[in-house]
Amino acid sequence: MIVKTLEEVKGTVDHVEDKTWESRRFILEKDGVGFSMHDTIIYAGTESIFWYKYHIEAVYCIEGEGEIEDLTNGKTYPIKPGTLYALDGHEKHCLRAKTQMRMVCTFNPPCTGRETHDEEGAYSLPAGKANL
Ligand code: 9YT
């Protein structure tokens with residue numbers, strides 16, 4: 001059984017910061033459970049373009065307000081506590097945080113924890129997966 005607290009993850013290598021967000025990764029590939037789970041903060045007033053070409057991500061907002069634009073069709077959806085979105089079509093998207101947002105995110109396949117978004121907003125191909 002894995003039991004840990006946010007306080008235990010903060011400030012470790014599993015607490016990763018970028019320009020528009022920071023993420024506290026609770027469960028990663030190394031844990032061997034088939035998904036990763038992160039507690040992510042998106043900074044107020046920011047816009048982030050993400051494109052998880054090789055992962056499915058589901059995101060559940062627990063604090064803050066913003067919106068997500070599906071860049072494949074221009075549709076925009078409001079985000080507030082209690083909103084979930086799942087990128088089941090690997091949609092390239094733009095996340096806009098009106099206020100600071102706190103999101104619980106899961107990835108399949110799991111993140112290793114060392115990914116950074118490339119110039120397209122993507123995370124690298126998981127090891128051992130063919131680039132189809
Ligand atoms: C919501 C989102 O995609 N945020 C980017 C960071 C990501 N959740 C991560 O790497 O933890």
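- The shortest heavy-atom contact between Ser36 and Cys111 is OG-N, 3.0 Å.
- Inspection of the Asp70 and Thr72 side chains reveals an N or O donor paired with an N or O acceptor under 3.5 Å.
- Counting side-chain heavy-atom gaps under 4.5 Å among Ile, Leu, Val, Met, Phe, Trp and Tyr, the cluster of Val3 also holds Met1.
- Under the salt bridge (Lys or Arg N to Asp or Glu O under 4.0 Å) criterion, Asp39 pairs with Arg24, Arg102, not counting sequence neighbours.
- If you chain together ILVMFWY residues whose side-chain heavy atoms come under 4.5 Å of each other, Ile56 ends up in a group of its own.
- His93 places no side-chain N or O within 3.5 Å of a backbone atom of Leu71 that could act as its donor or acceptor partner.
- Taking each heavy atom of Ser23 and Thr40 in turn, the nearest pair found is OG-OG1, 3.0 Å.
- In terms of modelled atom types and a separation under 3.5 Å, the side chain of Glu7 and the main chain of Thr5 share no donor-acceptor contact.
- In this structure, Trp51 contributes its side chain and Glu91 its backbone to no donor-acceptor pair below 3.5 Å.
- When all heavy atoms of Arg96 and Glu47 are compared, the pair lying nearest together is NE-OE1, 2.9 Å.
- When the side-chain hydrogen bond (donor to acceptor under 3.5 Å, both in side chains) test is applied to Lys75, no partner is found at least two apart in sequence or on another chain.
- The hydrophobic cluster containing Tyr60 does not contain Ile68, counting ILVMFWY residues as joined when their side-chain heavy atoms lie under 4.5 angstrom apart, directly or transitively.
- Ring centroids of Phe107 and Phe35 are separated by 6.0 Å or more, keeping the two rings apart.
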Show me, pair by pair, the donor-acceptor contacts under 3.5 angstrom made by side chains of residues 80-88, not counting sequence neighbours?
residue	atom	partner	partner atom	Å
Thr83	OG1	Lys80	N	3.2
Thr83	OG1	Lys80	O	2.9

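- In this structure, Pro110 and Leu28 approach most closely via the heavy-atom pair CB-C, 4.3 Å.
- Among residues two or more places apart in sequence or in another chain, the side chain to side chain contact (heavy atoms under 4.5 Å, CB included) test is passed with Thr20 by Thr46, Ser48.
- Glu22 is linked by a side-chain hydrogen bond (donor to acceptor under 3.5 Å, both in side chains) to His15, Tyr43, counting only residues two or more places apart in sequence or in another chain.
- Residues meeting the side-chain hydrogen bond (donor to acceptor under 3.5 Å, both in side chains) test with Thr99, sequence neighbours left out: none.
- Under the salt bridge (Lys or Arg N to Asp or Glu O under 4.0 Å) criterion, Lys4 pairs with no residue, sequence neighbours left out.
- Not counting sequence neighbours, Glu17 has no partner by the salt bridge (Lys or Arg N to Asp or Glu O under 4.0 Å) test.
- No continuous path of ILVMFWY side-chain contacts below 4.5 Å connects Val16 to Ile27, so the two sit in separate hydrophobic clusters.
- Scanning for salt bridge (Lys or Arg N to Asp or Glu O under 4.0 Å) contacts around Glu8 gives an empty result, with sequence neighbours left out.
- A search for side-chain hydrogen bond (donor to acceptor under 3.5 Å, both in side chains) contacts involving Thr112 returns Glu115, not counting sequence neighbours.
- The pair Arg25-Asp31 fails the salt-bridge criterion, with no side-chain N (NZ, NE, NH1 or NH2) lying under 4.0 Å from an Asp/Glu carboxylate O.
- Residues His38 and Thr106 are not in side-chain contact: their nearest non-hydrogen atoms beyond the backbone lie 4.5 Å or more apart.
- Residues Lys98 and Ala44 come closest through the heavy atom pair O-CB, 4.2 Å.
- In this structure, CD1 in Ile41 is found 10.0 Å from CE in Met103, a value given to the nearest 0.5 Å.
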